[in-house]
Every structure is written in C-alpha cells, then in structure tokens.
Protein chains: 2
Amino acid sequence: MATRTRRSQRRTEALSRERIVEAAVELLDAAGESGLTFRALTERLATGPGAIYWHVANKDELLGAVTEAVVAATLAAGPATSTAPSGPARPAGPAGPSRSAGRGASADSPQDAIRAVALGLFEAIEDHPWLATQLALQLSRNPWGSVTPRIFESIGRQVRALDVPESSWFTATSALVHYVLGAAGQNAANGASADTDTGTHTDRAEFLDTVSSAWEELDPEDYPFTRAVADQVRGHDDREQFLSGLDLVLAGITALHSPRG
Amino acid sequence: MATRTRRSQRRTEALSRERIVEAAVELLDAAGESGLTFRALTERLATGPGAIYWHVANKDELLGAVTEAVVAATLAAGPATSTAPSGPARPAGPAGPSRSAGRGASADSPQDAIRAVALGLFEAIEDHPWLATQLALQLSRNPWGSVTPRIFESIGRQVRALDVPESSWFTATSALVHYVLGAAGQNAANGASADTDTGTHTDRAEFLDTVSSAWEELDPEDYPFTRAVADQVRGHDDREQFLSGLDLVLAGITALHSPRG
DNA sequence: ACCTGAACACCGTTCAAGT
DNA sequence: ACCTGAACACCGTTCAAGT
C-alpha cells in the first residue's frame with residue numbers, strides 16, 4: 001500500500017527510456033529493491049509490459065541504466081547541494097566543525113577533491129540505499145559499462161594529482177573506490193532497514209542501539225574485540241566515521257608514495 | 001543441464017538444517033545465485049518445499065545460514081592450505097621490513113596475520129563468487145548476525161595488536177574490512193561471469209582483455225586517467241593487486257597511529 | 001516432531017496483434 | 001516505429017493432511 005503517488009500525466013508525455021528510468025528510481029526509492037517490478041512500472045507509467053520492453057532489453061539493463069543515471073548526476077553535481085527538505089536534515093552529529101567545510105567552493109587539494117567525490121557518493125547512497133548493491137554489482141560484473149569508468153576517473157584523477165607513481169595508480173584508486181563504496185554501502189541499508197527476526201527498526205539510532213547491544217552480549221571469550229568496540233558503534237556519527245576511514249586510506253597512499261609524508 | 005550431480009542417499013540421512021545448507025552451497029557454486037531455488041533444493045534433497053520450510057524460515061534465512069557456514073569454515077581454517085604457489089610472491093612494497101613470507105607457519109606480525117585473514121576471505125570468495133554479494137548484504141543489513149562479528153573480530157584483534165589507540169579501532173577495522181570485501185568481490189564475479197551484450201567470456205584473461213580494450217576506447221577528453229590505467233588491468237595478477245591495496249590501508253593505519261612509522 | 005505436495009500469489013518475459 | 005495485453009514458465013511460500 002501507499003505506493004500510489006502521482007498518476008497524473010497518463011499520456012501527456014510519450015514513453016521513453018528516460019521516463020522509464022525515472023519511474024524506476026522512484027519505485028526503488030519508495031519501496032526498495034523489491035519495489036521495482038514490471039507490474040508496478042506498468043501501473044505507474046500506464047502501459048503494458050511490452051511497451052517497456054521496447055525501450056529496455058530486460059530488468060538487468062534497466063537496473064544498469066538506473067544506476068548509471070544516478071551516478072552520473074551525483075558525480076556531475078558534487079556533494080550535497082543537499083536537496084533541500086529530504087527528511088529531517090541530517091542527524092548533525094558531533095562531527096567536525098569545519099571539515100571540508102567548503103560547500104560551494106570546489107576543493108583545493110587533491111585530498112579534498114577526493115573527499116568531495118566520496119561524500120557525493122556517500123550521500124547518493126544515503127538517499128538511494130539500493131544504490132550500494134547495484135554499484136557493487138556494476139563494479140564486479142560490468143566494469144566495461146559506463147559507471148565503473150566514471151567513478152574510477154573521478155577519483156583516479158585526484159590520485160594522479162597526488163603524485164603517486166603511475167605504476168600504483170590502479171592500486172591506489174582501487175583501494176579508495178572499494179573503501180568508499182563499502183563503507184557508504186554499509187551505512188546505507190541501515191536507514192531504511194525493514195523488520196527482521198530481531199524486531200522492527202524505525203530510525204537509525206534505534207538500529208545502532210540494537211547492533212551495539214547485540215555485540216555487547218557476545219561471548220567474551222570468543223569476541224573480546226567486537227565487544228570492546230560495541231560502544232563506539234552506538235554513539236558514532238556516520239559521516240565522521242566515513243571520512244576518518246577515508247583519511248586512513250589517503251594516509252596510506254601518501255605514506256607509501258608521496259615524496260613528502 | 002548438468003546440474004544433476006549426486007542423488008544417491010535419498011533417505012540415508014534424515015533432513016536437517018546442515019544438509020539443507022550443504023545442498024544450497026552446492027547449488028550456488030554450480031549455478032550461481034539464480035541456481036538456488038526451492039525447486040532445485042527439493043529435487044536435490046528429494047523432498048517437498050514444506051520439509052525445507054520446517055528447518056528454515058525462508059530464503060533469506062537460508063542465505064544467511066549458508067554465508068555463515070562458509071565464513072566460519074574460512075576463518076577457522078586460515079588461507080589456502082591450497083593451491084600451491086600462485087604467482088610470484090609479493091611485490092614487496094616499501095612497507096614493513098620482513099614481510100610475511102611464511103606459508104605454513106602462522107603469521108608472526110599483526111600485519112601478516114591480517115594478510116592471512118584477508119587472503120582467506122579472498123580465496124573463499126574466489127571459490128564461491130556468490131559470497132561477495134551475500135557478505136555485503138550481511139554486513140549492511142544484518143550486522144547483529146554472526147558473520148559480521150566474526151569477520152570484525154578476526155581482523156580487529158590484529159588491529160589492536162598494532163597498537164592502534166582504542167578510539168580508532170572501529171575506524172581502522174572498518175576500513176580494512178571494507179577494502180577486503182570490496183576488492184575480493186570485484187575480483188570474484190569476473191571468473192565465472194556469464195555472457196553479456198559485449199560477448200561471452202570463458203576465462204579470466206579474456207575477460208580482463210575485454211575490459212582493458214573497452215577502457216582504451218573511452219573518450220580521451222573525458223577519461224584520460226581510466227585510459228592511462230587500462231593497460232595495468234590487462235597484465236595484473238589479482239592476488240598481487242589485492243595484497244598491494246591491503247598494504248596501502250595497513251600503511252595508512254600505521255602512519256596515523258603507530259608509535260613508530 | 002517431521003514431512004508431503006497441491007495450491008496461491010506473484011514475478012520476468014514473450015509475442016501475435018494492433019495503430 | 002511504438003504500444004497493447006493475454007499468456008507462459010517459473011518463483012517463494014503456505015497449509016491441510018499425513019506419519
């Protein structure tokens with residue numbers, strides 16, 4: 001239920017690949033991965049399945065197109081021009097005071113530029129939790145598609161600007177991309193995670209609390225580290241945590257490669 | 001076709017959760033994610049769906065159990081008892097002094113221990129490509145399950161041994177875990193990747209060649225970096241590449257935290 | 001307690017037919 | 001060229017019924 005927003009312009013616009021992709025994003029955002037079905041799509045677009053299949057080969061291709069569209073928009077725009085009122089702002093968190101601070105102004109150092117790209121992807125995944133899985137699939141299964149090169153390029157250019165020797169470009173860029181996508185993805189699904197056998201989590205704080213508590217109850221013999229770390233899970237600010245990890249990888253790159261530590 | 005291996009002990013053993021998990025792993029290994037269906041499972045186990053549902057709540061729980069079983073076996077065993085010397089040792093980055101070297105002998109430094117755990121997961125994903133996606137899902141959607149703590153613990157203990165200050169345990173361990181899972185996952189699907197609109201790839205060398213060629217044909221204006229890096233993709237050794245990236249993250253950790261660089 | 005198997009609701013995809 | 005919509009094969013899941 002509740003999946004019946006807009007249904008206005010039935011035949012105002014003709015069907016097109018773009019309109020299909022747009023509708024698919026809306027369905028994914030509203031109901032997650034399982035919300036995107038050809039049934040729901042035909043209903044929303046007021047057509048039959050055949051019409052959609054004329055513009056798109058199959059569901060996999062549609063998911064690819066959807067992912068590419070969101071990534072392209074993200075990397076073109078940079079991080080949050082923060083789309084106005086999407087929910088109750090951000091949890092704010094104790095986070096850093098200034099940090100990359102600069103909103104409008106483009107980053108000045110390569111490190112800052114990488115942070116900006118990373119934050120852009122982080123926020124895109126935050127807004128579209130389904131994106132994490134799709135990106136992982138694109139990266140591994142379809143590296144010749146356009147989304148992998150796009151992400152690689154936007155981060156790799158800055159790696160080059162870091163004066164990393166060319167022989168290490170691929171390794172350094174890969175490490176950054178894997179961290180960014182992994183960490184952002186982990187953060188993602190939490191927000192909208194549905195019910196599970198453990199209970200139902202409405203908001204993120206409660207979710208983290210559940211995780212933290214579960215970890216604290218692990219066997220002290222087998223899980224001393226995880227137990228010790230459980231408390232850090234509870235209070236942490238996601239964005240902060242994400243950027244700290246990124247700085248770790250950046251530090252590794254400069255430590256191994258930079259002329260000057 | 002060809003999915004009809006063993007069908008011997010129809011009623012030799014009673015149905016059990018373990019037998020179901022075992023059969024599920026076999027199906028996943030043989031035919032990938034889409035190969036695991038309750039139909040195929042009932043056929044292989046010579047029962048009806050109801051019997052399976054008596055031991056397992058639903059497909060998600062089954063996938064969770066399957067993932068946990070493989071991870072538990074992997075982390076208990078350590079990396080490849082296996083497959084002889086694959087490739088020329090390590091690139092010997094400038095990093096640590098002695099490097100691991102040791103095969104049989106359990107790792108001596110925390111870095112080596114982390115490399116061992118990482119390699120174990122790398123190889124598990126290599127053997128079970130479907131594991132990459134499942135692990136990502138477990139990490140993000142189900143961190144209170146047992147697989148997340150298990151991975152976290154095995155890597156985190158070594159982070160602690162690295163004399164990282166406690167306030168950074170979570171960040172450092174997260175960065176490592178994300179890198180390991182992301183990089184191993186990227187490597188994974190390639191091996192068995194089926195056909196796509198670009199063609200059909202039987203073996204890995206051909207796959208990499210396709211990717212490399214596709215990247216070389218990108219617009220020089222928009223993708224200078226990716227084009228420049230395309231060649232490195234072709235020749236590289238996966239394991240090598242994987243360990244280099246890991247060393248990058250390790251270098252970042254020691255650079256930021258270690259009493260001694 | 002454990003298993004059977006028919007049945008249900010739903011899914012991606014096809015295709016002859018229309019305009 | 002673009003769209004319709006019935007139909008197909010298949011899926012996860014349920015449940016009355018058996019032992």
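Just so it is clear, the values below take in all heavy atoms, side chains as well, and ignore hydrogens, waters and symmetry mates.
Between the P atoms of D/dA17 and C/dC2, the separation comes to 22 Å (whole Å).
In this structure, A/Phe38 atom CZ and C/dC11 atom P are separated by 12 Å, rounded to whole Å. Protein atom CG of A/Leu45 is 14 Å distant from nucleotide atom P of D/dG5, rounded to whole Å. Atom-to-atom, CG of A/Leu62 to P of C/dC11 comes out at 15 Å; the value is rounded to the nearest Å. Atom CD in A/Glu43 sits roughly 16 Å away from atom C1' in D/dT4 (whole-Å rounding). Put simply, CG on B/Leu27 is 11 Å from P on D/dC11, counting in whole angstrom units. Note: CG (B/Leu15) to C1' (C/dT4) measures 12 Å, nearest angstrom. In this structure, NZ of B/Lys59 is placed 9 Å from P of D/dC11, rounded to the nearest angstrom. Atom pair B/Asn58:CG and C/dA9:P shows a separation of 20 Å (rounding to whole Å applied).
Shown here are the ring pair (Phe, Tyr, Trp, His ring centres under 6.0 Å) partners of B/Tyr223, two or more places apart in sequence or in another chain: there are none. Looking at residues two or more places apart in sequence or on another chain, you find a ring pair (Phe, Tyr, Trp, His ring centres under 6.0 Å) between A/Phe170 and A/Phe152, B/His236. Residues satisfying the ring pair (Phe, Tyr, Trp, His ring centres under 6.0 Å) test with A/Phe122, not counting sequence neighbours, are A/Phe242. Applying the salt bridge (charged side-chain N to carboxylate O under 4.0 Å, His left out) criterion to B/Arg227, with sequence neighbours excluded, gives no partner residue. Remark: A/Asp209 pairs with A/Arg234 by the salt bridge (charged side-chain N to carboxylate O under 4.0 Å, His left out) rule, at least two apart or across chains.
Sorted by first and then second residue, the ring pair (Phe, Tyr, Trp, His ring centres under 6.0 Å) pairs with a member in residues 18-55 of chain A read A/Phe38-A/Tyr53; sequence neighbours excluded. Applying the side chain to side chain donor-acceptor pair (under 3.5 Å) test to every pair with at least one member in residues 28-40 of chain A, sequence neighbours left out, gives these pairs: A/Asp29-A/His128, A/Asp29-A/Trp130.
In this structure, CG on A/Leu246 lies 12.5 Å from CD on A/Gln241, to the nearest 0.5 angstrom.
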Per-residue pairing states of DNA chain C in dot-bracket (Watson-Crick or G-U under 3.5 Å; . unpaired, | other strand) read ||.|||||...|||||.||

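Using a 4.0 Å heavy-atom distance criterion, A/Leu36 is classed as a sugar-phosphate-only contact. Within 4.0 Å of A/Leu41, counting heavy atoms only, lies no atom of the nucleic acid at all.
Side-chain N/O atoms of A/His55 include one lying less than 4.0 angstrom from OP1 or OP2 on D/dC3.
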Protein-nucleic acid N or O pairs under 3.5 Å, nucleotides 14-17 of chain D:
none

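For the pair A/Arg39 and A/Trp54, both in contact range of DNA chain D, the more 5′-proximal nearest nucleotide belongs to A/Trp54.
Considering all non-hydrogen atoms of both residues, A/Gly35 and A/Leu27 come closest at O-CB, 4.0 Å.
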